[in-house]
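Presented below is the structure to which this report refers.
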Amino acid sequence: VIALANLQGHKSLHAFYVPAQNCLEPPTILQGKLRTYLTERLPFYMVPLTFSVIDKFIFTPSGKLDRKALTSMAKQNAEPMIKNSADSYC
């Protein structure tokens, strides 16, 4: 999860996830389920506004998560959340 600023300078959280290999759900449905799951367990301000599906997490040569790469991907691929009340998660 990273914080991104929009054009007005307001920050919001953006989450990245790698779906399970056997997950057949479309990204919009899975994102809705993730949001519902997180909303039930976290305060509102900690729930990401947008989500991005990625194939794998990117790491720096020192083994840390490459936040710069994720930030550039988020700016290109951010999708607003769609609520969905389904109970199962991939």
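Keep in mind that this is a model prediction, so the values were computed, not measured.
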Notebook entry, point to check: Do side-chain atoms of R35 reach the backbone of F51 as a donor and acceptor pair under 3.5 angstrom?
Noted result: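 Not a single qualifying donor-acceptor pair exists.
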Applying a strict under-4.5 Å side-chain criterion to I, L, V, M, F, W and Y, I'd like to know whether [X] and [Y] cluster together.
{"X": "I54", "Y": "L65", "answer": "yes"}
{"X": "F44", "Y": "L38", "answer": "no"}
{"X": "V1", "Y": "L30", "answer": "no"}
{"X": "F16", "Y": "F59", "answer": "yes"}

Margin query: Could you work out, with side-chain contact (heavy atoms from CB on, under 4.5 Å) as the rule, every residue matching K64, not counting sequence neighbours?
Written below: T60, S62
Check: Mind checking what makes side-chain contact (heavy atoms from CB on, under 4.5 Å) contact with Q21, not counting sequence neighbours?
Finding: none
Measuring from atom [atom1] of [X] to atom [atom2] of [Y], what distance do you get when rounded to the nearest 0.5 angstrom?
{"X": "I2", "Y": "K11", "atom1": "CD1", "atom2": "NZ", "value": "11.0 Å"}
{"X": "L42", "Y": "L13", "atom1": "CG", "atom2": "CG", "value": "10.0 Å"}
{"X": "I58", "Y": "R67", "atom1": "CD1", "atom2": "CZ", "value": "13.0 Å"}
{"X": "T28", "Y": "K33", "atom1": "OG1", "atom2": "NZ", "value": "10.5 Å"}
{"X": "E25", "Y": "L34", "atom1": "CD", "atom2": "CG", "value": "9.5 Å"}

Note to self: Ignoring hydrogens, what is the shortest heavy-atom contact between P19 and C23? Give both atom names and the distance.
What the structure shows: CB-CB, 4.3 Å
Next item on the list: For Q31 and V53, work out which heavy atoms get closest and say how close.
Entry: NE2-CG2, 3.9 Å
Notebook entry, point to check: Tell me, do Y17 and P27 make a side-chain contact under 4.5 Å, heavy atoms counted?
Noted result: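 The answer is yes, as the side chains (C-beta and beyond) meet within the 4.5 Å cut-off.
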